[in-house]
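Please read the structure below before turning to the comments.
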Amino acid sequence: MNRYYFDHSATTRVDPAVADIMRQVMCENYGNPSSVHGFGRDAREFLDRSRETIAEILNADPAEVYFTSGGTEADNLALSGVMEANQERGRHLITSTTEHHAVLYTAEYLGKNGYEVSYIRPDKYGLIQVDDVARAIRPDTAMISIMHANNEVGTINPIAEIGRLARDNGIIFHTDAVQTFGKLPLNVSELNVDLLSLSGHKIYGPKGIGALYVSTGIAVTPRSYGGHHERELRPGTENLSGIAGLAKAASLCHESLEKENDRLKIMRDSLWRELQTRLPDLTLNGHPEQRLSGLLNVTFHGVEGEAILLALDMKGIAVSTGSACSSGQTTPSHVLLSMGLAPEDAQSSIRFSLGHENSDESIEYLLDVLPPMVEKFRAMSF
Ligand SMILES: *Cc1c(COP(=O)(O)O)cnc(C)c1O
């Protein structure tokens, strides 16, 4: 049976060119970048060049890029590290209810350990309003963390405006850009961000690698201690194959960004159009325009999303309900609930996230399989 992948927001297949460079680093340039001999110098060269590549894409200085074990660690380091290092500014943090759990659970942890957290709720499209953030600012607000694009519905937040608001109030601003790095042009000075998290495996790079951009002059307390690696903010011998893979994946995505966005948008919009002509009672979740090109989140009213997911899986089609991290647990998506969906509608929603593995053929197959499946479930469920 052919298998069709519509879950690119959960993770992606490593690009063969990325795997090639990783193999080269692991098997040939295997030195420790901290060693002074030739092996070490070769490894250092890979490390430096990779950092320059990431910095260039972000319009940052290479010294502002810190490699981590992924988006989750970058988010943890940003929130905990900044709040701890900047207590003289205050102990209040502003974030949103639609964040990835890497941010949300770190905020909850901080909230139980001497800090105060305000959670901004989005509008019905999942969009965080700048005015709502402004109203939450207090004299003791040290940091604002609002994600760039949401991983479940794809809504893209007005990061540059929120960043300007933070800057005008002397507040440190972090954004989780895991879903936009490599998919949208990112310029840290235009976005007015002080810290930005990114990850490798959402953009055809390896799992277990990511980075945190930290603007020069922003104090961050490390979460772990050891050697001098990553200027002591993130010690430990560098995951060099991962780092080289991340840099390769990032530059490949960056090169083809516009073309790929156009391609995905056409497929995504035709999928949505065709679903609507074949099935009644569907709702699009997420912003109609301000949304990631590959993302389509749909409520199939009256049908369990989990039932659709499992039945599609039997047909070789991979989709997701809510975020991958919460699959297997039956609580409805915190993102959809905070957008105002009723719990039963949140439970009836499916995320299709398109990417390299999709072509018109995969969309046609999905459209052959899904509508009759939903009709059958609906006929059974009264
Ligand atoms: C996937 C994801 C993360 C976590 O990144 P990992 O590299 O898997 O740890 C964080 N934030 C968002 C928005 C994500 O989509």
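The first residue in the sequence is number 1, and the count goes up from there. Heavy-atom basis, side chains included; hydrogens, waters and symmetry copies ignored. First listed ligand is number 1; within each ligand, the first listed atom is number 1.
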Would you mind telling me if ligand 1 is within reach of the side chain of [X], the backbone, both or neither, using heavy atoms under 4.0 Å?
X	result
Thr72	both
Thr11	neither
Glu73	neither

- Task: Pull out every atom of ligand 1 sitting under 4.0 Å from any heavy atom of Met147, numbered as shown with elements.
- Result: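 Going through ligand 1 atom by atom, the ones under 4.0 Å from Met147 are 13 (C).
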
- Task: Run the numbers for me: atoms of ligand 1, each under 4.0 Å from some heavy atom of Gly70, listed by number.
- Result: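 This gives 7 (O) as the contact atoms.
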
Of all the non-hydrogen atoms in the protein, which one sits nearest to [atom], and at what distance?
atom	value
atom 8 (O) of ligand 1	His201 NE2, 2.7 Å
atom 7 (O) of ligand 1	Ser199 OG, 2.7 Å
atom 11 (N) of ligand 1	Asp176 OD2, 2.6 Å

- Query: Would Arg263 and Glu260 count as a salt bridge (Lys or Arg N to Asp or Glu O under 4.0 Å) if you check the C-alpha gap in whole Å, the side-chain angles of each, and the deciding distance to 0.1 Å?
  - Reply: CA-CA 5 Å; Arg263 191 182 79 88; Glu260 182 65 357; 2.9 Å; yes

So is [X] polar-close to ligand 1, meaning N/O to N/O under 3.5 Å?
X	answer
Ser9	no
Lys202	yes
Gly71	yes

- Message: Less than 4.5 Å apart, side chain to side chain, heavy atoms only: is that true for Leu184 and His148?
- Response: yes

- Message: Distance to the ring centre below 6.0 angstrom and angle to the axis at most 45 degrees; does that hold for Arg49 and Phe46?
- Response: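 Here Arg49 passes the 6.0 Å and 45° test against Phe46.
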
Does [X] reach the main-chain N or O of [Y] with its side chain, forming a donor-acceptor pair under 3.5 Å?
X	Y	answer
Asp194	Phe173	yes
Asn150	Thr98	yes
Arg234	Pro222	no
Arg89	Gly170	yes

- Message: Heavy-atom count check: over 12 atoms from other residues, nucleotides or ligands less than 6.0 Å from Gln290 CD?
- Response: yes

